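Since we're looking at a predicted model, the values are computed, not measured.
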Amino acid sequence: MYSFPKHSKLCGQKSIEQLYKEGKRFVVWPLRVTWMSSESETRVLVWAPKSLFKHAVDRNRLRRLMREAYRLNQDCLGDGHYMIAFNYMDKEQHNYASIAKAMRKALNKIKG
RNA sequence: GAAGCAAACCGGUCUAUCGCUGCCGAGAGGAAGAAAGUCGGCGUAAAUAGCAGGGCUUAAUCCCAUCGGUUGAGGAAAGUCCGGGCAGCACAGAGCACCGCAGCGGUUAACGGCCGUCAGGCAGAACGCAUAAUGGACACCCACCCGCCCGAAGCGUGAAUGUUUGGUCACUGCUACAGAGACGAGUCGCUGCAUCAGCAGCGGGUGAAACGAGCACACUGCGGGCUGCAAUUCCAUGUAAACCAACGAACGAGCGUUGCUCGCGCCAGUUCCGCAAGGAUGCGUUGGAGGGUAGGAAGCGAGAGAAGCACGUGGUAACACGUUGCUCGAGAUUAAUGAUAGACGCUGCUUCGGCAGUACAGAACCCGGCUUAUAGGUUUGCUUUCUUU
């Protein structure tokens, strides 16, 4: 129920370009969400930009936090299938609780 | 015991819940899926072109879900500064240019690294000398004076150790200002020789330096082919206005007009564009061969290794050698190695209840170095000084 296996990750240059070109966008601070509905299963991409976080260890940490927040709250999406990208926007590192709160809000917004 | 150095090493642990990469096993049953094919849609008056998360079909490839087991970041993984392996391309030999290195000797696969050593400079705990002023302490019945000790800059000596500089000046050049002159020029004074011209010697003056130096864009020795795993190789599908072949068109040739010459006539494609018009271009058709990008696999780690630690031998050491013993075992690709909660450990402060902190930082083909970042801790060695015996 809370798993996040490999085939749930969004990969491939073509589908990522398509998502960023045509997807709908909104912001739930500190996350910028780009999403579009999908015919097959839901696939997700998380990203922390190098321009905001110079060290790889910080980017890894934020990516893992966002991934865990999605994994534990993915039932908020219901039965729909989507392609979603989460971009981290803040210069400061938030803790897990605030990222999880933003994640729940974002997933409910996509569903509704 | 204190102080100052150097080298080597470690750099969190446990529990609970949820989860991920690779590998192994079980396992109902297949699953995913391409710029390709095909059928539709939009577009248009209708087509072509074009547009898009469309449906269906299949390629390489992979076995998916589920269950069980196992596995998983560093001393710097970092910077990408040197040197190699490996890969592709180039390549007769030698030299020039360019770039790098530079006491001497050694070490290594190699190096700008490392080890030993020589000379000069700098830093260096501590010690010695020295005393200004308001001073401190001793002495003194008290005050003043004198004496003595301490006392900062300062001067000197200077351990372990660290750091820095170090080829040559025959050739080609450079050395500001000052100076007659910084190299083929010669001033002032004196002396000697000489008929004169001048020659030789000594001294003064300038300057960091005046036939004696220093330096490099000069010379000498040694090294360097270029590009990097986004290298490179393979798989399947399809193909371009580039390649090959055949055929055709255009130009030319030829044919017609004509005595000859000149001149005129005898075609149509591709592309931009919805069509036409207009513009650009010189080729078109058929067949063959065949990339790049995107996708997948290898390269990529038990086919690991110039691997590490003991022990032995040689060497001052770096290091080398060994029929010796033991140990290590990540491999992602929109990118795993985690998240949350609690406890312990360590460090500092403490009103002894606690409180605060717990670093630097994340593999991306692999090694040897260097450089930079780093909470806290351990061990060993050296030097000086004090105490005890």
**Q.** Nucleotide forming a Watson-Crick or wobble pair with B:rA65, both distances under 3.5 Å
**A.** none
**Q.** B:rG154 pairs with, by Watson-Crick or G-U criteria that keep both distances under 3.5 Å
**A.** B:rC129
Q. Once you round it to whole Å, what is the distance between P of B:rA363 and NE2 of A:H55?
A. 12 Å
Q) Taking the nucleotide of RNA chain B with the closest heavy atom to each, which residue, A:V44 or A:N95, is nearer the 5' end? A) A:V44
Q. Expressed in whole Å, how much space separates the C1' atoms belonging to B:rA294 and B:rA59?
A. 15 Å
(Q) Heavy atoms only, 4.0 Å cut-off, all strands: where does A:R61 land among base, sugar-phosphate and nothing? (A) sugar-phosphate
Q: Both distances under 3.5 Å, Watson-Crick or G-U wobble: report the partner of B:rG292, or none.
A: none
**Q.** Residue list, side-chain contact (heavy atoms from CB on, under 4.5 Å) with A:A85, at least two apart or on another chain
**A.** A:L19, A:Y20, A:T34, A:L45, A:N87
Q.
When both hydrogen-bonding distances must be under 3.5 Å and the geometry is Watson-Crick or G-U wobble, what is B:rG100 paired with, if anything?
A. B:rC222
**Q.** Polar pair under 3.5 Å, donor/acceptor by atom type, side chain A:R71, base B:rC18
**A.** yes
Q) So which nucleotide does B:rC146 pair with, by the Watson-Crick or G-U wobble rule with both distances under 3.5 Å? A) none
Q) Which atom names give the shortest non-hydrogen contact between A:Q93 and A:F53, and what distance separates them? A) CG-CE2, 3.7 Å
Q: Report yes or no: do A:W47 and A:M66 belong to one cluster of Ile/Leu/Val/Met/Phe/Trp/Tyr joined by side chain heavy-atom distances under 4.5 Å?
A: no
Q. Can you tell me if A:R104 uses its side chain to pair, donor with acceptor, with the backbone of A:N73 under 3.5 Å?
A. no
**Q.** Counterpart base for B:rU38, defined by Watson-Crick or G-U wobble contacts under 3.5 Å
**A.** B:rG55
Q | Atom P, compared across B:rU161 and B:rA109: separation rounded to whole Å | A | 30 Å
Q) Hey, which of these two, A:L45 or A:R67, hits RNA chain B nearer its 5' end, going by closest nucleotide? A) A:L45
N/O contacts under 3.5 Å, protein versus nucleotides 10-15 of chain B?
none

Q. Mind checking whether A:Y88 and A:H94 have parallel, tilted or perpendicular rings, split at 30° and 60°?
A. perpendicular
Q. B:rC18 pairs with which nucleotide, Watson-Crick or G-U wobble, both distances below 3.5 Å?
A. B:rG338
Q.
For the P atoms, the ones on B:rC142 and on B:rG1, what distance do you get once it is rounded to whole angstrom?
A. 47 Å
